[in-house]
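Step one of this worksheet: look at the structure below.
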Amino acid sequence: MNLLSRDFYARDTLVVAGELLGKCVVRRTSKGSVVAKIVEVEAYKGKEDPASHAYRGMTPRNHLMFGEGGFAYVYFIYGNHYCLNITTERVGVPGAVLVRAVEIQHGTELARQNRKVKSLTKLTNGPGKLTQALKITKRQNGLDLTKLGDLFIIPQDHDEDFETVTTDRVGIKAGAKKPWRFYIKGNKFVSKP
DNA sequence: GAGAAGATCTCCT
DNA sequence: GGAGATCTTCTCA
């Protein structure tokens with residue numbers, strides 16, 4: 001199986017965020033595997049980004065953002081939801097990409113068992129939804145996405161034409177005006193068109 | 001050791 | 001369209 005290399009993640013956060021679109025997240029559980037294509041992301045940096053967890057320096061929670069790129073950074077928010085991030089940049093440079101929406105390609109039934117919704121598009125069209133559908137919790141925090149395991153990322157199987165749209169970020173107060181949100185134009189699984 | 005805020009979702013009107 | 005749910009983490013005393 002083809003995995004994305006460490007070099008892919010060890011670049012500018014905005015570049016990695018844009019190129020993660022169309023890549024596939026693979027989640028392996030005891031019941032089977034789920035493959036989900038990334039269709040929407042947001043970039044989070046450090047000092048220049050007031051909305052980032054890393055803005056005020058390193059803490060026990062966000063230290064993964066300061067480490068090497070290519071690791072899963074999962075955190076719990078609002079008492080109800082997990083959010084999945086992918087760390088970027090090099091050691092000492094904070095950066096991460098928030099996965100906001102995915103499109104499930106394999107294992108739809110497995111994912112559906114984790115969430116009680118009828119509509120397929122509502123299964124994974126939000127940060128808290130996709131983590132629930134893929135059973136991602138803080139147990140996945142710190143996993144190396146460049147190695148085979150419970151969670152990793154592969155390039156898409158075949159080339160696919162899609163148009164990338166860049167907009168302001170969603171759901172945050174500080175720094176919301178930066179155009180650091182990317183999604184695949186016309187995709188039904190994007191949280192907000 | 002306590003208080004407040006948060007990169008959200010779902011249900012109800 | 002709006003408020004509640006509900007817990008982790010950070011900040012300050």
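We name chains A, B, ... by the order of the sequence lines, and we start the count at 1 in each one.
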Partner residues of A/Arg139 under the salt bridge (charged side-chain N to carboxylate O under 4.0 Å, His left out) criterion, sequence neighbours left out: none

Does the A/Thr131 side chain pair with the main chain of A/Gly128, one donor and one acceptor, at a distance under 3.5 Å? yes

Give a yes or no answer on whether the side chain of A/Gln140 reaches the backbone of A/Thr137 with a donor-acceptor pair at less than 3.5 Å. yes

Contact list please: [range] against DNA chain B, heavy atoms, distance less than 4.0 Å, in numerical order.
range: residues 109-119 of chain A; result: A/Arg115
range: residues 91-101 of chain A; result: A/Leu98, A/Arg100
range: residues 128-141 of chain A; result: A/Gly128, A/Lys129

Distance under 4.0 Å to a non-hydrogen atom of chain A counts as contact; along DNA chain B, which nucleotides mark the start and end? B/dG6 to B/dT10

For a quick test of your reading: what N or O donor-acceptor pairs under 3.5 Å do the side chains of residues 66-86 of chain A make, sequence neighbours left out?
from	atom 1	to	atom 2	distance (Å)
A/Tyr73	OH	A/His53	ND1	2.9
A/Asn85	ND2	A/Tyr73	O	3.3

Just to verify, what does A/Ala10 make a side chain to side chain contact (heavy atoms under 4.5 Å, CB included) with, not counting sequence neighbours? A/Arg90

Return the polar atom pairs (N/O with N/O) between nucleotides 11-13 of chain C and the protein under 3.5 Å, or none.
none

Identify the pairs formed between an N or O of the protein and an N or O of nucleotides 1-5 of chain C at a distance under 3.5 Å, and give each distance.
from	atom 1	to	atom 2	distance (Å)
C/dA5	N3	A/Asn80	ND2	2.8

Going by the side-chain hydrogen bond (donor to acceptor under 3.5 Å, both in side chains) test, which pairs reach into residues 23-37 of chain A, not counting sequence neighbours? A/Lys37-A/Glu160

Pairing string, 5' to 3', for DNA chain B - Watson-Crick or wobble contacts under 3.5 Å, brackets [ ] where pairs cross, | to another strand: ||||||.|||||.

Scan for ring-ring contact (aromatic ring centres under 6.0 Å, His included) pairs involving residues 171-193 of chain A, sequence neighbours excluded, and state none if there are none. none

